[in-house]
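Structure first, then comments.
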Amino acid sequence: MVGTLRREDAGAEVRLAGWVHRRRDLGGLVFVDLRDRSGRIQLSFGPESTPPEVLDRARRLSAEDVVAVRGVVRERPAASVNPELPTGEVEVQVSALDVLAAAETPPIPVAASPGDELPAEELRLRYRYLDLRRDDLQRALALRHRALQVVRAHLSREGFYEIETPMLTRRTPEGARDYLVPSRVHPGEFYALPQSPQIYKQLLMVAGYDRYFQIARCLRDEDLRADRQPEFTQIDAEMSFVSEEDVFGVGERLMAALWREVLGVELELPFPRLTYREAIERYGTDKPDLRFGMEFLDVTDVLREADFRIFQETRGTGLRIRGIRAPGGAALSRKELDQLTDIAKAAGAAGALWVRRGDDGLAGQFAKALDGALAERFLARTGLEVGDLFVVVVGRYRLAPVVPESHEGTTDAHRLGGAEVALDALRRHLGDRLGLRDPSRHAWAWVTEFPLFEWDVEANRLVAAHHPFTSPLPQDVPVLERYTAEGPPSPEAARALFDEGLRSRAYDAVYNGNEMASGSIRIHDQALQRHVFRAIGLSEEEARAKFGFLLEAFRYGPPPHGGFAFGFDRLVMLLAGASSLRDVIAFPKTTAARALFEGAPSPVEARDLRELHIAVLDEKGS
RNA sequence: GGGGCGGUAGCUCAGCCGGUUAGAGUGCCGGUCUGUCACACCGGAGGUCGCGGGUUCGAGUCCCGUCCGCCCCGCCA
């Protein structure tokens with residue numbers, strides 16, 4: 001391994017092989033940087049150690065040739081040491097050189113110079129095997145390997161079995177679009193590739209494998225993003241006879257092992273827990289970045305008194321005035337302050353309003369509307385200090401308390417918000433701008449008690465927020481039972497049930513504002529499961545048709561169980577400090593789900609289609 | 001499905017209000033060079049301006065369509 005040579009190796013006769021990284025031809029002397037997975041070493045070719053014909057061949061080497069050399073490790077002259085390189089104190093004086101494979105000039109450079117822009121992503125994917133030779137991708141995949149080993153070792157140590165589940169499986173009725181695989185032997189029938197091993201892991205619990213995990217490939221046919229690939233990897237785990245706290249313990253010890261082994265960082269355990277309601281009310285999102293404060297503050301009652309039309313118009317409505325205090329934000333330029341409105345508008349709010357506290361008091365958009373006493377109350381409420389900025393967004397907030405004097409005909413306002421999205425965007429923007437999102441901090445948390453149901457506006461019905469096997473919170477079960485005692489509720493009753501805001505035993509793990517994992521305690525009680533199916537409008541027959549095999553299994557002694565799935569690619573991306581999933585996956589797809597190297601997907605011969613009983617509609621022609 | 005940005009030499013990019021011979025850096029090729037490490041210096045080759053159509057005396061530049069890549073919204077139980 002070329003990258004491991006050190007001063008202690010001086011004098012050793014070595015045989016090395018690798019790729020020509022760079023060549024520096026000084027005439028009588030030739031230097032070649034030899035590269036393999038372990039790093040680089042300088043080869044020197046000079047008259048005192050190198051036969052003339054070898055020197056001549058070295059002079060004709062070009063980038064990415066594969067060579068084998070024999071030579072002696074020497075300490076470099078003191079003036080020629082390269083402190084940038086781990087092997088910089090030594091070099092190999094070459095006596096013999098074999099060109100194992102010559103390389104054409106690569107279409108994208110492997111040996112990038114400092115300050116060089118990376119080649120276009122299209123080319124990097126087209127010539128992936130060259131891109132993968134680059135340092136940062138080598139590092140990322142090495143890190144990925146280490147992370148995989150840590151996960152396997154840690155979960156094994158905690159008593160988990162690694163069990164593989166099928167890739168050719170049954171279509172799932174809800175959720176993302178499935179990738180389908182036609183069956184040759186069963187005309188007109190299809191397998192689906194798994195979106196996750198969800199049902200299998202529950203079956204494994206029924207089967208008594210009470211601690212299961214898998215590094216699972218999951219496939220979803222949905223449109224992509226920088227942090228979303230059509231095939232991705234999850235750390236999937238499930239365990240029996242557990243409550244939330246047991247699951248959290250496993251998850252956070254696993255993350256602690258990863259951060260320790262990969263980054264050398266000791267995470268603080270246990271992770272803080274906060275409920276979904278708390279997260280939404282304090283940060284406006286279910287994945288808050290907890291590296292900094294700037295929590296939402298409800299100032300509706302104070303600012304309503306101000307002589308300011310926008311504030312006064314909230315009287316008698318469900319509209320709230322909420323804001324965040326940005327410490328030191330008063331230093332922002334006028335241009336940056338104007339930008340805040342754009343950010344709020346882009347996030348769907350009407351705008352943002354701000355005041356700042358300078359040495360001579362409040363200034364800003366609604367400062368004049370705050371007279372002496374009101375200003376006192378405002379300052380007392382917000383804790384605004386000299387140098388601080390306070391930004392408010394007026395609008396409907398998710399989970400805001402119902403206002404008795406509200407004249408609105410619907411209760412939408414308190415469940416379906418919108419303004420919190422804008423204020424969250426402002427919080428994150430200001431957090432960035434004020435340097436509060438410290439990359440060296442590691443703020444994990446469990447967000448618990450996610451809503452059990454969501455409301456599908458188009459279909460006018462309830463849908464399971466996580467998945468239909470997610471257990472409701474015990475305190476909320478009586479409410480559920482009340483609505484579903486007689487069978488599926490009417491659309492009106494379903495809507496009323498949604499407004500009850502039932503909570504579930506579903507949870508997420510959140511890290512620095514990223515959703516890293518989700519999971520839940522599942523339903524193992526058949527009667528309770530029936531109530532949930534009824535609530536989302538599934539009759540017994542439909543439920544059996546869709547989830548029959550799982551329900552059948554649950555007739556034969558299902559243990560209480562629950563688990564989690566961490567997004568492994570995303571974990572590696574953050575551990576590696578990469579900004580795209582594509583940089584931590586060896587062979588990723590483009591945003592149009594194409595594989596540029598091998599050229600997938602591709603058309604297939606009519607004969608092959610016939611064998612699969614498939615006819616392709618010509619949608620592009622005509 | 002929708003919106004935004006981009007596609008010019010092998011690579012990264014510049015190219016003004018449409019104007020006559022499309023440039024730079026780097027890489028590549030040739031040469032000089034015994035301590036370089038982004039070697040240096042000298043010289044040279046290298047272009048389907050993504051593709052198709054249109055406007056125009058004239059299109060890399062303007063218009064329409066289309067393909068590809070990236071980012072975002074929808075979507076992702």
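Residue numbering restarts at 1 for every chain, and letters A, B, ... go by the order of the sequence lines.
In this view, A:Ser44 and A:Phe31, A:Glu91, A:Gln93 satisfy the side chain to side chain contact (heavy atoms under 4.5 Å, CB included) rule, not counting sequence neighbours. For A:Leu130, the side chain to side chain contact (heavy atoms under 4.5 Å, CB included) test picks out A:Pro106, A:Pro107, A:Ile108, A:Val110, A:Tyr127, A:Arg133, with sequence neighbours left out. In this structure, the side chain to side chain contact (heavy atoms under 4.5 Å, CB included) partners of A:Asp36, at least two apart in sequence or on a different chain, are A:Met1, A:Val2, A:Ser38. A search for ring pair (Phe, Tyr, Trp, His ring centres under 6.0 Å) contacts involving A:Phe450 returns A:Tyr276, not counting sequence neighbours.
Listed by residue number, the members of residues 511-519 of chain A with any heavy atom below 4.0 angstrom from RNA chain B form an empty set.
Looking at heavy-atom distances under 4.0 Å, A:Ala465 makes contact with sugar-phosphate atoms alone, never a base.
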Response to the item:
A correct 5'-to-3' footprint of nucleotides 40-47 of chain B, with B, S and - meaning base, sugar-phosphate only and no protein heavy atom under 4.0 Å, is --------
Item to complete: Mark up nucleotides 68-75 of chain B, 5' to 3', with B wherever a protein heavy atom is under 4.0 angstrom from a base atom, S wherever such an atom reaches only the sugar-phosphate, and - elsewhere.
Response: SSBSSBBB
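Contact check, A:Arg24 against B:C39: a side-chain N or O comes under 4.0 Å of OP1 or OP2. OP1 or OP2 of B:U36 has not a single side-chain nitrogen or oxygen of A:Arg22 nearer than 4.0 Å.
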Give every donor-acceptor pair under 3.5 Å between a side-chain atom in residues 585-601 of chain A and any protein atom, sequence neighbours left out.
unit_1, atom_1, unit_2, atom_2, d
A:Lys589, NZ, A:Glu231, OE2, 2.9
A:Thr590, OG1, A:Ala592, N, 3.2
A:Thr590, OG1, A:Arg594, N, 3.2

Side-chain donor/acceptor pairs under 3.5 Å, residues 46-57 of chain A, sequence neighbours excluded:
unit_1, atom_1, unit_2, atom_2, d
A:Thr50, OG1, A:Gly46, N, 3.1
A:Thr50, OG1, A:Gly46, O, 3.1
A:Thr50, OG1, A:Val94, O, 2.8
A:Asp56, OD2, A:Arg60, NH1, 3.1
A:Arg57, NH1, A:Leu97, O, 2.4

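Put simply, the side chain of A:Arg76 and the base of B:C37 share a donor and an acceptor less than 3.5 Å apart.
Ion pairing between A:Lys345 and A:Asp342 fails under the 4.0 Å rule for side-chain N and carboxylate O. Between A:Glu222 and A:Arg228, no side-chain nitrogen of the basic residue sits less than 4.0 Å from a carboxylate oxygen of the acidic one, so the salt-bridge criterion is not met.
For residues 529-543 of chain A, the set of pairs meeting the side-chain hydrogen bond (donor to acceptor under 3.5 Å, both in side chains) definition, not counting sequence neighbours, comprises A:Thr484-A:His531, A:Ser539-A:Glu541, A:Ser539-A:Glu542. For residues 17-28 of chain A, the set of pairs meeting the salt bridge (Lys or Arg N to Asp or Glu O under 4.0 Å) definition, not counting sequence neighbours, comprises A:Arg24-A:Asp33, A:Asp25-A:Arg59.
Across B:G35, B:A38, B:C11, the shortest atom-to-atom separation from the side chain of A:Leu26 is found for B:G35.
When both distances must be under 3.5 Å, the Watson-Crick or G-U wobble mate of B:G27 does not exist.
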Short N/O separations, protein against nucleotides 24-30 of chain B, under 3.5 angstrom:
none

